[in-house]
Engineer: 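Pasting a structure below so you can have a look.
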Amino acid sequence: MQLQNLVQRFTSDIVGEEHFEKMLVKSAADKNPLRIKFGIDPTFTDVHLGHAVPIRLLRAFQDHGHLPVLIIGDGTARLGDPTGRNEQRPPLTVDDVARNSATYLEQIGTILDLDPAKCEVRHNSEWFGDMDFFDALKLASQSTAARLLERDDFKKRMQQNQAVHLHEMMYPLMQGYDSVMVEADVELGGNDQLFNLHMGRQMQERAGQRPQICMTTPLLLGTDGRKMSKTYGNHVGLNAGANDMYGKIMSLSDDGMPLWFQLATTLTEDEMSTCLAGHPRQAKDLLARNIVEQIHGADAAASAAEAFVQQFAKNELPDDIDECVLAQSSVKLASLLKDAGLVTSTSEARRMLKGGAVKVNSEAQSDPNLLVELSSSGVVLLQIGKRRLVNVRCS
RNA sequence: GGGGAGAUACCGAAGUGGCCAAACGGGGCGGAUUGUAAAUCCGCUGGCUCUGCCUACAGAGGUUCAAGUCCUCUUCUCCCCA
């Protein structure tokens, strides 16, 4: 597929579009690949399918001979982009960030080719790490309060009489500075990044560089229709197993499907519209399969689809159930549910029991004091709802 | 620097001395229904050795038989003035 077509499919906004064509032509003539920047802050342990949208576009650029410049924001993560959340997160420690950075690369590697010859990976602590206070002031002098307060998130919070801290306003400047440091030609980001991307342009211009083209991708919504975010629990992680990933996508709301087809699948426009015209259940199955295939391969996708039908449509037990080994042989049901890790407290176990959610060996139980005998040879199957299952035996 | 308002559970938000483990709404979780979609109905939503006990209404003290509610100090936020 043509790069321009892909760009069209995956972007909602392009700043500096009029120069993009020329840049492509010049890059081809000079045999000088464009530097395509994409930055991601390792604030959590998983990268999700929402992040995958710009990453897939990045991959498209890579496939067309351009150079992805992947920035792991181990410096910016310490601050945290205040986007979309009207409260501050607890600051991450250096260790958190280091741990997350490693898993991020692994997950991004499922989409992008991280071969050093084909991709430049940078950590922005490289330049933020040894800045002193006066360097930071210099950075701050690059913009103005009025300009920063134009940012949607800040504006809203100001209007709602909520706090906007000074350090939060440094975030866009940091991201912009990244662009200067890597001399980006194009920067990709989610729709909510538009302001930050603009900042890069502005700062590059001040630094005497050619301002980057800013491309934003539409935001992939979470399975519940809200913005995909780990904090909402509506995300699908790239590190999710095939079955889990398939199941999560099946729980997507019907309304969300067109956007998901557009942003997360490899299907053509025609294939998509054929799919969407059919039964929604069918369409969702294809959607889920396609996505799982991209990450886990065709075989895994097929068996995930099968396992799903077995467990949820036919209401049968799944083939692979986690096993848990406990020391005691005779335990009260409420404690057992907790010890087996199905609930976090015995109080929760009691509530579940009262609500009729619990089955022991496929038989409904409601007595928290029921004494369950475990043996080392056979297993006892504990079940809360359709999703939480575990086989228990004693050591 | 001066004046005023405020901080309640995952979120929003009631509560102005006992009937408060805290109304109500959202979210989440379970049950029914189903296409693990949507919609709808029902239940749950601090912990424990669970008909009882313990810890909680920003933090620390205090008044009281009794405090989310009153007093003092502290921390944080917002608004107005300079």
Side-chain angles (χ1 to χ4, degrees), chain A residues 82 84-91 149 154-168 221-236 240 243-261 275-276 278-289 292 304-318 328 330-339 341-360 362-371 382-389:
Chain A
R85 301 208 17 191
N86 293 356
E87 70 221 63
Q88 307 151 268
R89 313 176 169 140
L149 284 171
F154 294 149
K155 215 192 302 180
K156 256 185 224 149
R157 281 155 68 188
M158 294 291 280
Q159 277 164 4
Q160 290 169 7
N161 292 345
Q162 285 171 338
V164 176
H165 294 261
L166 285 180
H167 70 287
E168 297 183 75
L221 298 177
T223 48
D224 59 357
R226 289 185 290 171
K227 182 191 164 183
M228 186 178 286
S229 156
K230 175 135 185 187
T231 40
Y232 291 151
N234 63 359
H235 74 303
V236 180
N243 289 11
D244 190 31
M245 190 179 279
Y246 181 94
K248 278 201 169 133
I249 297 169
M250 285 307 282
S251 76
L252 173 70
S253 63
D254 287 1
D255 296 343
M257 280 202 288
L259 190 67
W260 275 63
F261 269 107
C275 254
L276 284 166
H279 191 286
R281 168 81 177 61
Q282 209 78 38
K284 217 174 284 175
D285 171 61
L286 276 160
L287 175 72
R289 268 177 209 257
V292 175
E306 255 170 61
F308 178 83
V309 170
Q310 182 182 344
Q311 185 175 359
F312 296 106
K314 294 189 187 156
N315 224 340
E316 289 164 10
L317 294 173
Q328 317 92 302
S330 173
V331 200
K332 282 187 183 175
L333 185 50
S335 323
L336 181 62
L337 290 167
K338 182 185 164 209
D339 295 343
L342 291 182
V343 291
T344 54
S345 67
T346 58
S347 297
E348 190 188 347
R350 282 163 185 273
R351 273 182 246 126
M352 289 298 174
L353 283 158
K354 211 167 139 199
V358 179
K359 284 183 191 167
V360 177
S362 301
E363 217 170 291
Q365 297 292 348
S366 62
D367 178 10
N369 293 319
L370 179 77
L371 221 46
L382 297 179
Q383 218 177 331
I384 298 184
K386 277 186 183 181
R387 248 168 262 205
R388 284 179 256 179
L389 298 109

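Below, chain A is the first sequence line, B the second, and so on; all start at residue 1.
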Engineer: Give a yes or no on this: more than 12 heavy atoms of other residues, nucleotides or ligands lie within 6.0 Å of atom NZ of A:Lys386.
Structural biologist: yes
Engineer: When the P atoms of B:G3 and B:C11 are compared, how many Å lie between them, rounded to an integer?
Structural biologist: 33 Å
Engineer: Could you state the CE-C1' distance from A:Met257 to B:A38, rounded to the nearest angstrom?
Structural biologist: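 One finds 11 Å between C1' of B:A38 and CE of A:Met257, rounded.
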Engineer: Does B:G6 have a Watson-Crick or wobble mate here (both distances under 3.5 Å), and if so which one?
Structural biologist: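 Across any shown strand, B:G6 pairs with B:C76.
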Engineer: Measure the shortest side-chain to side-chain distance between A:Leu337 and A:Met352 over non-hydrogen atoms and say whether it is less than 4.5 angstrom.
Structural biologist: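 With C-beta onward as the side chain, the pair stays apart.
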Engineer: Look at all strands and tell whether A:Ala313 reaches a base, only sugar-phosphate, or nothing, counting heavy atoms closer than 4.0 Å.
Structural biologist: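 Here A:Ala313 touches the backbone only, sparing every base.
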Engineer: Quick one: is A:Ser347 getting a side-chain N or O under 4.0 Å of the B:C48 phosphate, OP1 or OP2?
Structural biologist: yes
Engineer: With distance as the sole criterion, do the side chain of A:Asp254 and the base of B:G35 form a donor-acceptor contact below 3.5 Å?
Structural biologist: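 Yes.
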Engineer: Of the options B:G35, B:G30, B:C78, whose atoms approach the side-chain atoms of A:Arg388 most closely?
Structural biologist: B:G30
Engineer: Round to a whole Å and report the spacing from CD of A:Gln383 to P of B:G30.
Structural biologist: 12 Å
Engineer: Just checking A:Gly385: base, sugar-phosphate only, or nothing, at a heavy-atom cut-off of under 4.0 Å?
Structural biologist: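 Touches sugar-phosphate only.
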Engineer: For A:Leu166, does the CG atom have more than 12 heavy-atom neighbours from other residues, nucleotides or ligands under 6.0 Å away?
Structural biologist: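 Not more than 12 within 6.0 Å, no.
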Engineer: If I pick the P atom on B:U69 and the same atom on B:C19, what distance separates them, to the nearest angstrom?
Structural biologist: 13 Å
Engineer: Pairing check on B:A13: which nucleotide meets the Watson-Crick or G-U wobble criteria with it, both distances under 3.5 Å?
Structural biologist: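 Paired with B:A13, as far as the under-3.5 Å criterion goes, is no nucleotide at all.
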Engineer: Figure out the CZ/P separation between A:Arg157 and B:C79, and round it to whole Å.
Structural biologist: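 It works out to 12 Å between those atoms.
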Engineer: From the options B:C48, B:G46, B:C78, select the nucleotide whose nearest atom is closest to the side chain of A:Lys338.
Structural biologist: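 Within the option list, the nearest is B:C48.
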Engineer: Suppose you measure atom P in B:A13 against the same atom in B:G6; what distance do you get, rounded to whole Å?
Structural biologist: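 The same atom, P, in both gives a distance of 13 Å.
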Engineer: Checking side chain to side chain contact (heavy atoms under 4.5 Å, CB included) against A:Gln383, which of A:Val360, A:Leu342, A:Val358, A:Leu317 comes through?
Structural biologist: A:Leu317
Engineer: How far does the P atom of B:A23 sit from the matching atom of B:G43, given to the nearest Å?
Structural biologist: 15 Å
Engineer: Students often get this wrong, so: under 4.0 angstrom with heavy atoms, is A:Lys284 touching a base, only sugar-phosphate, or nothing?
Structural biologist: base
Engineer: Using heavy-atom distances to pick each residue's nearest nucleotide on RNA chain B, tell me which of A:Lys332 and A:Arg226 is more 5'.
Structural biologist: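 The 5'-side residue here is A:Arg226.
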Engineer: To the nearest Å, how far apart are A:Lys354 NZ and B:U51 P?
Structural biologist: 12 Å
Engineer: Provide, to the nearest angstrom, the distance between the CG atom belonging to A:Leu252 and the P atom belonging to B:A37.
Structural biologist: 11 Å
Engineer: Hey, are the side chains of A:Leu389 and A:Gln311 touching, using non-hydrogen atoms and a 4.5 Å cut-off?
Structural biologist: yes
Engineer: Let me see the working for A:Asp254 and A:Lys284 under side chain to side chain contact (heavy atoms under 4.5 Å, CB included), right down to the final yes or no.
Structural biologist: CA-CA 8 Å; A:Asp254 287 1; A:Lys284 217 174 284 175; 2.8 Å; yes
Engineer: Taking atom P in both B:C44 and B:G26, what distance in whole Å separates the two?
Structural biologist: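 Looking at atom P only, B:C44 and B:G26 are 15 Å apart.
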Engineer: Taking side chain as C-beta onward, heavy atoms only, is A:Ile249 less than 4.5 Å from A:Arg289?
Structural biologist: no
Engineer: Go through the N and O atoms of the side chain of A:Thr346 and the base of B:C50, and report whether any donor-acceptor pair is under 3.5 Å.
Structural biologist: yes
Engineer: What's the closest nucleotide to the A:His165 side chain, out of B:G30, B:C48, B:U77?
Structural biologist: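 Nearest nucleotide to the side chain: B:U77.
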Engineer: Is the count of non-hydrogen atoms from other residues, nucleotides or ligands lying under 6.0 Å from A:Gln282 atom CD greater than 12?
Structural biologist: no
Engineer: Distance between the C1' atoms of B:A14 and B:U63, in whole angstroms?
Structural biologist: 26 Å
Engineer: Return the nucleotide paired to B:C65: Watson-Crick means purine N1 to pyrimidine N3 with N6-O4 or O6-N4, wobble means G-U with N1-O2 and O6-N3, both under 3.5 Å.
Structural biologist: B:G18
Engineer: Please report the distance, rounded to the nearest Å, between CG in A:Leu342 and P in B:C29.
Structural biologist: 16 Å
Engineer: Is A:Arg350 near enough to B:C44 that one of its side-chain N or O atoms lies under 4.0 angstrom from OP1 or OP2?
Structural biologist: no
Engineer: Counting only Watson-Crick or G-U wobble pairs whose two distances fall under 3.5 Å, which nucleotide matches B:A23?
Structural biologist: none
Engineer: Name the closest nucleotide to the A:Arg351 side chain, picking from B:C44, B:G35, B:G28.
Structural biologist: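 From the listed options, B:C44 comes nearest.
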Engineer: For the side chain of A:Ser253, counting heavy atoms from C-beta on, which of B:C44, B:A38, B:C78 is nearest?
Structural biologist: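 It is B:A38.
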Engineer: For A:Leu353 and B:C50, what is the distance between atoms CG and C1' respectively, to the nearest whole Å?
Structural biologist: 13 Å
Engineer: Checking base pairs now: Watson-Crick or wobble, both atom distances under 3.5 Å. What partners B:U55?
Structural biologist: none
Engineer: Strictly by Watson-Crick or wobble contacts shorter than 3.5 Å, is anything paired with B:C29, and which nucleotide is it?
Structural biologist: B:G43
Engineer: Using the P atom as the point on both nucleotides, what is the distance between B:G52 and B:G4, in whole Å?
Structural biologist: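 Rounded to whole Å, the distance is 47 Å.
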Engineer: Closest-nucleotide mapping onto RNA chain B: is A:Met352 or A:Lys386 further toward the 5' terminus? I mean the 5' end.
Structural biologist: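 Per heavy-atom nearest nucleotide, the more 5' residue is A:Met352.
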Engineer: Please give the distance between the P atoms of B:C78 and B:G12 as a whole number of Å.
Structural biologist: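 Roughly 15 Å separates the two P atoms.
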Engineer: If I take atom CE in residue A:Met250 and atom C1' in nucleotide B:U34, what distance separates them, rounded to the nearest angstrom?
Structural biologist: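 Going from CE in A:Met250 over to C1' in B:U34 covers 12 Å.
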